[in-house]
Amino acid sequence: MRLQRLKEAIRSQGRAVGDGILKVDGFLNHQIDVDLLCDMGRELHERFAGERVTKLLTVEASGIAVACAAAMHFHVPVLFAKKSAAANMDEAFYESQVESFTRNKTYTIRVSKQYLTQSDRVLIIDDFLANGQAVLGLLSLCDQARAHVVGAGIAIEKGFQPGGALLRARGLRVESLAIIDSIRDGVVALR
Ligand code: 5GP
């Protein structure tokens, strides 16, 4: 029922860009439907409730809203990796390289060593899963910090791209709230 709303939003508002990208600016990536995100956050919490999560880790910008919605139920901090080196960033940070699927370039993500530690049990959150590069980058930050990763909670997985299989083959628990089987000729097929 809860996830039905997400599927309906994808069906009614999602726009295919070419055969690979889904634009969901109407409720997730530009304008945000907070009620819908609340439902998604509740569902992510239910799926990972037994995992004693201490931190939700995402990457700016679009993952933040999903992570905050989940944090309302986990009651733990959201840590978002930054994509640009700001002068006010702590000097001690972990960093990794991420190849962007939508922007066709590589960027560096960073988190302060202060906020990610070996006592953390981390749930990685992101809006989309495509080739898995963003999640791999976040996993690398956790490895560097020796934090334990309990899994990844994803809003929309594109099942026709290799990220999900790649991460699951590494033993990572990946939970996606909606899975898209294909985007072809402007038609979005939901699983
Ligand atoms: P990956 O790193 O798994 O290849 O891609 C995931 C990241 O790329 C997400 O953080 C998301 O921001 C962006 N992304 C990948 N595919 C899509 C898509 O179809 N639509 C949108 N809006 N973002 C995407």
Side-chain angles (χ1 to χ4, degrees), residues 3 6 10 20-24 28-29 37 40-41 43-49 51-71 74 76-84 93-113 115-118 120-181 183 191:
L3 296 182
L6 173 61
I10 293 171
I21 293 182
L22 179 69
K23 216 167 139 85
V24 287
L28 185 58
N29 288 143
L37 260 73
M40 291 158 61
E43 180 71 25
L44 286 170
H45 176 255
E46 271 182 17
R47 295 195 190 189
F48 288 97
E51 292 288 356
R52 292 181 289 118
V53 170
T54 65
K55 199 149 291 185
L56 303 181
L57 176 65
T58 188
V59 58
E60 67 179 351
S62 295
I64 297 174
V66 183
C68 286
F74 282 100
V76 300
V78 169
L79 177 63
F80 63 93
K82 299 199 182 199
K83 286 181 175 166
S84 55
F93 51 76
Y94 301 113
E95 68 177 28
S96 86
Q97 305 295 317
V98 173
E99 228 175 276
S100 167
F101 173 72
T102 43
R103 291 176 208 273
N104 203 13
K105 65 171 192 180
T106 300
Y107 57 91
T108 305
I109 57 172
R110 300 179 180 85
V111 294
S112 165
K113 290 186 177 177
Y115 301 122
L116 191 60
T117 71
Q118 60 182 357
D120 276 316
R121 291 178 60 82
V122 176
L123 174 59
I124 291 173
I125 303 273
D126 208 1
D127 58 342
F128 273 89
L129 175 60
N131 291 329
Q133 296 303 304
V135 173
L136 285 175
L138 294 169
L139 276 174
S140 165
L141 299 178
C142 292
D143 278 352
Q144 292 169 54
R146 294 168 194 243
H148 179 78
V149 178
V150 306
I154 304 291
I156 304 172
E157 175 177 345
K158 291 188 291 180
F160 57 91
Q161 288 186 257
L166 181 97
L167 297 171
R168 291 180 180 104
R170 284 175 59 130
L172 186 72
R173 179 178 170 201
V174 179
E175 294 281 345
S176 301
L177 302 183
I179 299 182
I180 292 171
D181 279 327
I183 302 175
R191 192 168 296 177

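None of these values were measured; they are calculated from a predicted model.
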Going by side-chain hydrogen bond (donor to acceptor under 3.5 Å, both in side chains), name the pairs with one or both residues in residues 147-156, residues two or more places apart or in two chains. none

Set of side-chain contact (heavy atoms from CB on, under 4.5 Å) partners for Cys68, sequence neighbours left out: Ile64, Val78

Any idea which heavy atoms bring Ile109 and Gly137 closest together, and the distance? CD1-C, 3.8 Å

Passes side chain to side chain contact (heavy atoms under 4.5 Å, CB included), Leu136 versus Leu138? Steps please. CA-CA 5 Å; Leu136 285 175; Leu138 294 169; over 6 Å; no

Is there a donor-acceptor pair under 3.5 Å between the side chain of Lys83 and the backbone N or O of Tyr107? no

Determine all donor-acceptor pairs shorter than 3.5 Å in which one atom belongs to a side chain in residues 125-134; sequence neighbours excluded.
{"from": "Asp127", "atom 1": "OD2", "to": "Asn29", "atom 2": "ND2", "distance (Å)": "2.9"}
{"from": "Asn131", "atom 1": "OD1", "to": "Gln161", "atom 2": "NE2", "distance (Å)": "3.3"}

Less than 4.5 Å apart, side chain to side chain, heavy atoms only: is that true for Leu123 and Glu51? no

Any donor-acceptor N or O pair under 3.5 Å, side chains Thr108, Glu95: no

How long is the gap from CG on Leu44 to CG on Leu56, to the nearest 0.5 Å? 9.0 Å

Residue pair Met40 / Leu6: nearest heavy atoms and the distance that separates them: SD-CD1, 4.0 Å

Going by side chain to side chain donor-acceptor pair (under 3.5 Å), name the residues that satisfy it together with Thr106, two or more places apart in sequence or in a different chain. none

Looking only at heavy atoms, what is the nearest atom pair of Gly20 and Phe160, with distance? O-CZ, 3.8 Å

I need the Ile156 CD1 to Ile10 CD1 distance, nearest 0.5 Å. 4.0 Å

Test of understanding: with salt bridge (charged side-chain N to carboxylate O under 4.0 Å, His left out), list the residues that count as partners of Glu175, not counting sequence neighbours. Arg47, Arg173

Kindly write out the residues that satisfy side-chain contact (heavy atoms from CB on, under 4.5 Å) with Leu172, not counting sequence neighbours, or none if the list is empty. Val135, Leu139, Val149, Ala152, Leu167, Val174

What pairs of residues pass the salt bridge (charged side-chain N to carboxylate O under 4.0 Å, His left out) test when at least one of them lies in residues 133-161, not counting sequence neighbours? Glu157-Arg168

Point-to-point distance, once rounded to the nearest 0.5 Å, from OG1 of Thr102 to CG of Leu22: 12.0 Å

So with a 6.0 Å cut-off around CD of Glu46, is the heavy-atom count from everything else above 12? yes

Using the test ring-ring contact (aromatic ring centres under 6.0 Å, His included), find all partners of Phe74 that sit at least two apart in sequence or belong to another chain. His45

Find the distance between CG (Leu57) and SG (Cys142) and round it off to the nearest 0.5 Å. 5.0 Å

Excluding sequence neighbours, so at least two apart, what forms side-chain contact (heavy atoms from CB on, under 4.5 Å) with Arg52? Arg121

Could you give the distance from OH (Tyr115) to NZ (Lys55), rounded to the nearest 0.5 Å? 9.0 Å

Taking side chain to side chain donor-acceptor pair (under 3.5 Å) as the test, write out the residues that go with Asp181, two or more places apart. Arg191

At their closest point, which heavy atom of Ala147 faces which heavy atom of Val122, and how far apart are they? CB-CG2, 3.9 Å

With side chain to side chain contact (heavy atoms under 4.5 Å, CB included) as the criterion, how do Arg110 and Tyr94 come out once you've worked through the C-alpha distance, each side chain's angles and the decisive distance to 0.1 Å? CA-CA 6 Å; Arg110 300 179 180 85; Tyr94 301 113; over 6 Å; no

Taking only residues two or more places apart in sequence or in another chain, which ones pass side chain to side chain donor-acceptor pair (under 3.5 Å) with Arg170? none

Any side-chain heavy atom of Leu79 within less than 4.5 Å of one from Leu116? yes

Would you indicate whether the side-chain heavy atoms of Ile21 and Ile183 approach each other to under 4.5 Å? no

Can you name the side chain to side chain donor-acceptor pair (under 3.5 Å) partners of Lys23, sequence neighbours left out? Asp25

